[in-house]
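One structure is given below, encoded as structure tokens.
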Amino acid sequence: MNLSFFPSRQMSWYMARLFLTRTFAVLMLLVVVLQTLDLLGNSGDILAYPGNGDAQLWHYVGLRTPQIIATFLPFSVLLGTLVMLATLNQNSEIIAMKAAGLSAHQILAPLIAAALGVSVISFVFNERIVARSTAALSAWEAVDYGPIPHDSGIKSNPWVRDGNNLVNVAIVAGRGQDVQLRKIEIYNRVNNALTTIIQAPRGHYDGASKSWVLEDAQQFDVARGTGRAIGTVRFGHDIRPDQFTLARVDPDALTFGELQSAISDLRDAGRPTSELEGNLWHKLSGPLSALLMPILGSVAAFGLARSGQLFIRAVMGMALGFAYFVADNFSLAMGSLGAYPPLLAAWAPFFLFLLVGETVLFRTEE
């Protein structure tokens with residue numbers, strides 16, 4: 001019996017290379033298909049804005065592709081694991097490894113090590129690329145794929161209450177008293193009945209008067225169904241700039257450090273943060289889900305291929321993997337509702353299915 005955790009160096013590299021090539025081949029196939037379908041569904045909206053053309057379509061692809069990669073990388077690891085292990089089992093290579101004295105965990109060790117590397121790459125990719133592309137795409141969608149202000153602190157589509165009135169802003173850029181607003185809509189209400197709607201392409205905060213200034217505003221009278229230009233308008237003497245910048249925090253558009261800062265700001269402002277804390281921890285547990293896939297998919301590796309159960313084992317591995325993703329999304333939803341604590345919402349599915357995978361592995365092979 002080989003007592004080392006890994007098999008030989010040659011065998012480890014062979015297994016890791018097969019695992020990575022299958023995983024990224026599946027990922028490339030999924031990205032091409034899903035990006036094509038997504039572009040077909042959104043190209044009409046992109047081209048509807050005057051002046052948009054092929055360059056904007058490719059710009060959309062560049063922003064959307066990182067999101068698709070981040071979402072489906074764990075699926076690709078699962079499918080790549082199943083394809084690889086089923087092939088090795090079909091070719092009796094697993095039997096040869098076991099005949100050489102390797103245990104099931106030793107056979108899976110190179111895959112787990114490679115999956116850990118994929119998890120690290122996934123986390124760095126999410127931090128450096130996905131968060132930025134998500135923020136840029138959300139801001140672009142908020143202005144109907146038109147020009148957006150060049151600012152690093154962009155927020156999109158926050159809602160703020162001004163007394164009995166509601167204020168919606170498509171784009172919020174800047175921080176503190178330098179906040180700039182784009183595409184503002186103010187819904188004026190009397191006794192909860194909508195009376196007028198004020199729209200303006202841009203606005204800013206006036207620190208001297210502690211109010212907001214809208215430029216080139218238009219007013220629509222709901223009862224009469226008429227509109228007129230009203231020029232410069234001041235509103236929101238009771239609205240602080242942080243109410244716009246903190247009104248809507250998109251965890252997917254922030255890095256781990258930025259989300260930590262946003263949670264701290266919200267906590268200082270007395271806002272609830274449990275949902276965002278769950279998303280913060282999920283920025284760690286999400287990429288680590290790749291580590292589970294070789295364990296959950298290992299059921300396809302063991303058992304005799306000639307027994308006729310190889311396909312059933314592959315389906316079982318796929319079912320375990322997809323059950324994890326369902327449980328992960330369910331747990332995050334429960335955390336968002338406040339039913340689960342943030343730490344439990346992010347980490348419970350990971351450790352639960354780690355135990356499930358190890359149990360299945362021991363029962364079927366060890």
(request) Look only at the side chain of N168 and the backbone of I186, and say whether a donor-acceptor pair between them is shorter than 3.5 Å. (result) no
(message) Distance check, rounded to the nearest 0.5 Å: H282 atom NE2 versus L288 atom CG?
(response) 10.5 Å
(request) May I ask you to decide if R224's main-chain N or O and D221's side chain share a donor-acceptor pair within less than 3.5 Å? (result) yes
(message) Within the structure provided, determine whether K183 and D144 are in side-chain contact (heavy-atom separation under 4.5 Å).
(response) yes
(message) In terms of relative ring orientation, are W347 and F351 parallel, tilted or perpendicular, with 30° and 60° separating the classes?
(response) tilted
(message) What I'd like to find out is whether the side chain of Y14 reaches to under 4.5 Å of the side chain of L88, using heavy atoms alone.
(response) yes
(request) Classify the side-chain pair Q199/E185 by whether it contains a donor and acceptor separated by less than 3.5 Å. (result) yes
(request) Identify the two heavy atoms, one from L79 and one from M318, that lie closest to each other, and give their separation to 0.1 Å. (result) CD2-CE, 3.8 Å
(request) Determine, step by step, whether T134 and Q67 satisfy the side-chain hydrogen bond (donor to acceptor under 3.5 Å, both in side chains) criterion, reporting the C-alpha distance in whole Å, the side-chain angles of both residues, the deciding distance to 0.1 Å, and the verdict. (result) CA-CA 7 Å; T134 300; Q67 294 181 341; 3.0 Å; yes
(request) Identify the heavy atoms of I184 and G203 that sit nearest to each other, and give their distance. (result) CD1-N, 3.6 Å
(request) Spell out, yes or no, whether L30 and V83 are grouped together once hydrophobic residues are joined by side-chain heavy atoms under 4.5 Å, including indirect joins. (result) no
(message) Just verifying a value: how many Å separate Y187 OH and L194 CG, rounded to the nearest 0.5 Å?
(response) 8.0 Å
(message) So Y324 and M293, do their side chains get closer than 4.5 Å, heavy atoms only?
(response) yes
(request) Could you tell me if the ring centre of F75 sits under 6.0 Å from that of F322? (result) yes
(request) Answer yes if M316 and L108 sit in the same cluster of Ile, Leu, Val, Met, Phe, Trp and Tyr residues linked by side chain heavy atoms under 4.5 Å apart, and no otherwise. (result) yes
(message) Determine whether a donor-acceptor pair (N or O, by modelled atom type, separation under 3.5 Å) exists between the side chain of Q56 and the backbone of G53.
(response) yes
(request) Provide the closest heavy-atom pair for A327 versus F353 in the form atom of the first, atom of the second, distance. (result) CB-CE1, 3.6 Å
(request) Please confirm whether the backbone N or O of V130 pairs with a side-chain atom of S133, one donor and one acceptor, at under 3.5 Å? (result) yes
(request) Compare every heavy atom of Q106 with every heavy atom of G101, then report the nearest pair and how far apart it is. (result) O-OE1, 3.8 Å
(message) So V77 and T81, do their side chains get closer than 4.5 Å, heavy atoms only?
(response) yes
(message) More than 12 heavy atoms of other residues, nucleotides or ligands under 6.0 Å from CZ of R189: yes or no?
(response) yes
(message) Using the rule that Ile, Leu, Val, Met, Phe, Trp and Tyr join whenever any side-chain heavy atoms are under 4.5 Å apart, tell me whether L276 and L344 fall into a single cluster.
(response) no
(request) Compare every heavy atom of F19 with every heavy atom of T23, then report the nearest pair and how far apart it is. (result) OG1-O, 2.8 Å
(message) Please report the interatomic distance NE2(H237) to CH2(W212), rounded to the nearest 0.5 Å.
(response) 12.5 Å
(request) For S122 and P287, indicate whether the former's side chain and the latter's backbone hold a donor-acceptor pair under 3.5 Å. (result) no
(message) I'd like to know if R234 pairs up with D206 as an ion pair, taking the criterion as any Lys NZ or Arg NE/NH1/NH2 lying under 4.0 Å from an Asp or Glu carboxylate oxygen.
(response) yes
(request) Please examine the side chains of E93 and M15, heavy atoms only from C-beta on, and report whether any two atoms are closer than 4.5 Å. (result) no
(message) So does A193 get a backbone contact from the side chain of N191, meaning a donor-acceptor N/O pair under 3.5 Å?
(response) no
(request) Check whether L284 and L254 end up in the same hydrophobic cluster, where Ile, Leu, Val, Met, Phe, Trp and Tyr are linked by side-chain heavy atoms less than 4.5 Å apart. (result) yes
(message) Could you go through E215 and T232, starting from their C-alpha distance and side-chain angles, then the distance that decides it, and tell me whether this counts as side-chain hydrogen bond (donor to acceptor under 3.5 Å, both in side chains)?
(response) CA-CA 5 Å; E215 303 172 13; T232 301; over 6 Å; no
(message) Looking at S289 and S285, would you say the former's side chain and the latter's main chain have a donor-acceptor pair under 3.5 Å?
(response) no
(message) Rounded at 0.5 Å granularity, tell me how far CE in M11 sits from CG in L102.
(response) 6.5 Å
(message) Measuring only between side-chain heavy atoms, which start at C-beta, is T255 closer than 4.5 Å to E258?
(response) yes
(message) As a quick check of understanding, evaluate side chain to side chain contact (heavy atoms under 4.5 Å, CB included) for Q180 and V172, giving each step before the final call.
(response) CA-CA 6 Å; Q180 301 289 322; V172 179; over 6 Å; no
(message) Using the rule given for side chain to side chain contact (heavy atoms under 4.5 Å, CB included), can you reason through V169 versus R182, listing the C-alpha separation, both sets of side-chain angles and the distance that settles it, and then say yes or no?
(response) CA-CA 6 Å; V169 181; R182 297 291 184 271; 5.6 Å; no
(message) For a 4.5 angstrom cut-off between non-hydrogen side-chain atoms, does I295 reach I112?
(response) yes
(request) Rounded to the nearest 0.5 Å, what's the gap from CZ on F330 to OH on Y340? Could you check? (result) 4.5 Å
(message) Counting C-beta onward and ignoring hydrogens, is there a side-chain heavy-atom pair between F235 and S211 closer than 4.5 Å?
(response) no
(request) Please say which of L82, L111, I107 ends up in a side-chain contact (heavy atoms from CB on, under 4.5 Å) with P294. (result) L111
(message) Any side-chain to backbone donor/acceptor pair from D38 onto L34? Under 3.5 Å, distance only.
(response) no
(message) Tell me whether K210 contacts the main-chain N or O of G236 through its side chain, where contact means a donor paired with an acceptor under 3.5 Å.
(response) no
(request) Using the six-membered ring wherever Trp is involved, compare the ring planes of Y60 and W140 and label them parallel, tilted or perpendicular (cut-offs 30° and 60°). (result) tilted
(request) Would you tell me whether Q219 and T196 have side-chain atoms, one donor and one acceptor, within less than 3.5 Å of each other? (result) no
(message) Let's go through L280 and Q260 carefully: what are the C-alpha distance in whole Å and the side-chain angles of both, what is the deciding distance for side chain to side chain contact (heavy atoms under 4.5 Å, CB included) to 0.1 Å, and is it a yes or a no?
(response) CA-CA 7 Å; L280 179 69; Q260 272 188 319; 3.7 Å; yes
(request) Check the pair T195 / V222 against side chain to side chain contact (heavy atoms under 4.5 Å, CB included), numbers first and verdict last. (result) CA-CA 5 Å; T195 57; V222 176; 5.9 Å; no
(message) Under 4.5 Å between side-chain heavy atoms, counting indirect links through other Ile/Leu/Val/Met/Phe/Trp/Tyr residues: same cluster for M334 and F325 or not?
(response) no
(message) Can you tell me how far apart OG (S76) and CZ (R22) are? Round to the nearest 0.5 Å.
(response) 14.5 Å
(message) Could you check whether any side-chain N or O of N165 sits under 3.5 Å from a backbone N or O of R161, counting only pairs where one atom can act as donor and the other as acceptor?
(response) no
(request) Kindly give the heavy-atom pair with the smallest separation between P66 and G62, and that separation in Å. (result) CD-O, 3.1 Å
(message) Under the criterion salt bridge (Lys or Arg N to Asp or Glu O under 4.0 Å), I'd like the reasoning laid out for R202 against D216: C-alpha separation, chi angles, the key distance, then a yes or no.
(response) CA-CA 8 Å; R202 56 190 175 276; D216 301 326; 2.7 Å; yes
